[in-house]
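Encoded as C-alpha cells, the structure appears first; notes follow it.
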Amino acid sequence: MKEITITAPDDWHLHFRDNDLLAETVPATARCFKRAVAMPNLVPPVINAEMALAYRTRIKAAVPEGQSFEPIMTLYLTNETSQQDIIEAKDANILAAKLYPAGATTNSDKAVNAISTLYPVFKTMSDQGMLLLIHGEVTESHVDIFDREKQFIDDYLIEITQRFPDLKIVFEHITTADAADFVLAGSENIAATITPQHLLLNRNDLLVGGIRPHNYCLPVLKRDTHQKRLCEVAVSGNNKFFLGTDSAPHTREAKESNCGCAGCYSAWGAIELYAQIFDDLGALNKLEGFASHFGADFYGLDRNNEELTLVKDAWLMPELIELSNKQKIVPFHAGQSLAWQVKVK
C-alpha cells in the first residue's frame, strides 16, 4: 500500500510547554492533529480552571492562521487540590486531571506525594465525569527504575480502580507488558496511551554503544519483550489503546547535559512514525482506530469530520530544529529516514 486516508487523528498526550516554545510546538502538532491533550506540568503548574483557560488562550494564539486545532486542557493534581477545584474545572469544560507522583518526571516536584489523600477528589471526578490521567510510576529510590511502572500498578492502581469503578482512567504512556495486560483485564473505564518511542525502541537503544540522551524519556525504555507486547496491543484493534505521543521538547543543551532532561520531541514526525510502525507490523488497516477513533470515543467526544492522507514517500527528519531565540532542539529520529509523510492538499 502506497497511500492511506484516515479520519484526522488526535494526540491524547503531549507537552506544548509555554511562552516562546508555543510558536514551535503548536504548529508542529496542528499540522497533522486536530486536537491534543495539553499536559499541565508547567512552571508554575496548571492547578485550577482559571490557569487552564489562560493556558488554552496562549496555545490558541499560536495556531497557524487558517488551521483548525483545539487543545484539550487538563489540571495538575496536588495534595492541595480540592473537590471544588474539580467542579469548577468541569464547569469550564476541562475534561481531565493529571496525577503525577512527586518527582516522577519533568516539573513534577509540586505533584502528589500521598495519593490516598486524593481519594475524595477522585470521587468527585468520578461523579463529575472528569477523566483521571495517570503517570503510573512509583518514585521511591529503592525501587529499580525499570520496575517502577509495575510497582505502581501493585501499590496504587489496583486499589484506585477498585475503589472508583466508574472513574475513567487513562494509564498514560505505558511501557510494560504488565501495564498492557492490566489495561486489558480492566473494565471499560480503563484505557492507555502508547508513544512512538516505546513502540520503536527498547533500552538497548538508550544504552548500547554509549548513552543516547535523545532517546531518554520517562517512563524509561524497557527491555524488548515489553516493546513487543506494546506493539501487539497497539495494532490489535482493541479500543482500550490509543495514540499519545508524549512529545516533550527540551533544548539540545538540556538533553546533552550531565543531568539530561527526559523527553522525546516527536511532533515533527508523529503520525508518520506511527504509520511506519503499523506498516512494518502489517497492520496499517488498524492505524485509523488507534490514531483517530478510540481516544475520542473514550473521552466521550465526537470523532473528527476531516480526513488526513499519508503517502509512502521517504524523507529525512532534520538533525536540528532552531527556535526563534536561536536555541536548538534535536527532534526524535533526528537525521533518520521516515517511510511515510503527510500528503499536502
Side-chain angles (χ1 to χ4, degrees), residues 1-16 24-39 63-64 67-72 172-173 192-201 217 230-231 233-237 239 241-249 263-299 301 303-318 321 329 331-334 336-345:
M1 186 181 296
K2 299 296 184 182
E3 183 173 305
I4 180 173
T5 297
I6 62 174
T7 303
D10 304 302
D11 188 342
W12 298 99
H13 179 118
L14 63 67
H15 300 266
F16 286 119
E24 160 59 32
T25 58
V26 175
T29 298
R31 70 181 183 86
C32 62
F33 295 114
K34 303 305 292 183
R35 296 173 290 204
V37 175
M39 291 295 104
V63 177
Q67 282 191 296
S68 171
F69 177 79
E70 285 297 323
I72 296 172
E172 304 252 58
H173 45 50
T193 56
I194 307 178
T195 75
Q197 60 264 27
H198 291 107
L199 295 172
L200 283 165
L201 307 177
C217 56
L230 295 183
C231 287
V233 298
V235 304
S236 68
N239 64 3
F241 302 97
F242 43 85
L243 185 156
T245 63
D246 196 20
S247 182
C264 299
Y265 184 50
S266 58
W268 271 54
I271 192 63
E272 296 91 339
L273 287 166
Y274 284 110
Q276 184 167 317
I277 293 161
F278 277 65
D279 190 19
D280 289 346
L281 294 171
L284 203 55
N285 63 322
K286 299 294 179 66
L287 177 64
E288 184 175 40
F290 179 85
S292 311
H293 294 167
F294 302 155
D297 296 347
F298 192 78
Y299 271 73
L301 300 174
R303 297 175 180 179
N304 294 316
N305 292 322
E306 299 178 43
E307 294 183 328
L308 178 128
T309 298
L310 291 145
V311 293
K312 197 166 189 177
D313 187 8
W315 60 286
L316 286 178
M317 179 66 68
I321 298 164
I329 294 174
F332 184 59
H333 247 49
Q336 298 184 55
S337 177
L338 280 71
W340 289 84
Q341 61 178 289
V342 173
K343 185 177 182 178
V344 179
K345 294 181 180 179

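The basis for the numbers below is simple: all heavy atoms, side chains too, and nothing from hydrogens, waters or symmetry mates.
What you find for I6 and S292 is that their closest heavy atoms are CD1-OG, 3.7 Å. The shortest non-hydrogen separation linking L281 to C231 is CD1-CB, 3.7 Å. Nearest heavy atoms, V63 versus Q67: CG1-O, 3.7 Å. Heavy-atom minimum distance, Q341 versus E272: CA-CG, 3.6 Å. In this structure, G269 and L338 approach most closely via the heavy-atom pair O-CD2, 4.0 Å. Taking each heavy atom of P9 and N304 in turn, the nearest pair found is O-ND2, 3.8 Å.
Within the 6.0 Å centre-distance limit, the rings of Y299 and W12 are counted as a close aromatic pair.
Legend: residues meeting salt bridge (Lys or Arg N to Asp or Glu O under 4.0 Å) with D10, ordered by chain and number and at least two apart, are R35. With sequence neighbours excluded, no residue forms a salt bridge (Lys or Arg N to Asp or Glu O under 4.0 Å) with E307. Scored by the salt bridge (Lys or Arg N to Asp or Glu O under 4.0 Å) test, D297 finds R303 as partners (sequence neighbours excluded). For A192, the side chain to side chain contact (heavy atoms under 4.5 Å, CB included) partners are F171, I174, V183, F241, not counting sequence neighbours. In terms of the ring-ring contact (aromatic ring centres under 6.0 Å, His included) criterion, H333 has no residue partners (sequence neighbours excluded). D246 is linked by a side-chain hydrogen bond (donor to acceptor under 3.5 Å, both in side chains) to H13, H15, counting only residues two or more places apart in sequence or in another chain. In this view, H198 satisfies the ring-ring contact (aromatic ring centres under 6.0 Å, His included) rule with no residue, not counting sequence neighbours. Scanning for side chain to side chain contact (heavy atoms under 4.5 Å, CB included) contacts around A28 gives E24, Y265, A267, W268, with sequence neighbours left out. Judged as a ring-ring contact (aromatic ring centres under 6.0 Å, His included), and not counting sequence neighbours, the contacts of F290 are Y274, F278.
Note on residues 282-291: pairs passing side chain to side chain donor-acceptor pair (under 3.5 Å), not counting sequence neighbours, are T7-E288.
Distance OG1/T25 to CD1/I321: 10.5 Å, rounded to 0.5 Å. One distance of note links NE2 of H173 with OG1 of T193; it measures 6.5 Å at 0.5 Å rounding. The distance from the CG atom of L284 to the CD1 atom of I4 is 4.0 Å, given to the nearest 0.5 Å. Taken from NZ in K34 to CG in D11, the straight-line distance is 14.0 Å, to the nearest 0.5 Å.
Residues T245 and L273 form no side-chain contact, since every pair of their non-hydrogen atoms from C-beta on lies 4.5 Å or further apart. Between N239 and H293, every side-chain heavy-atom pair lies at or beyond the 4.5 Å cut-off.
S266 pairs in a side-chain contact (heavy atoms from CB on, under 4.5 Å) with only one of the listed residues (C217, P249, S247, P331), which is S247.
Between F69 and F16, the two ring planes are perpendicular [angle over 60°; tilted spans 30° to 60°].
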List, one per line, each side-chain donor-acceptor pair under 3.5 Å for residues 308-317, sequence neighbours excluded.
| from | atom 1 | to | atom 2 | distance (Å) |
| --- | --- | --- | --- | --- |
| T309 | OG1 | T5 | OG1 | 2.8 |
| K312 | NZ | D279 | OD2 | 2.9 |
| W315 | NE1 | W340 | O | 2.7 |

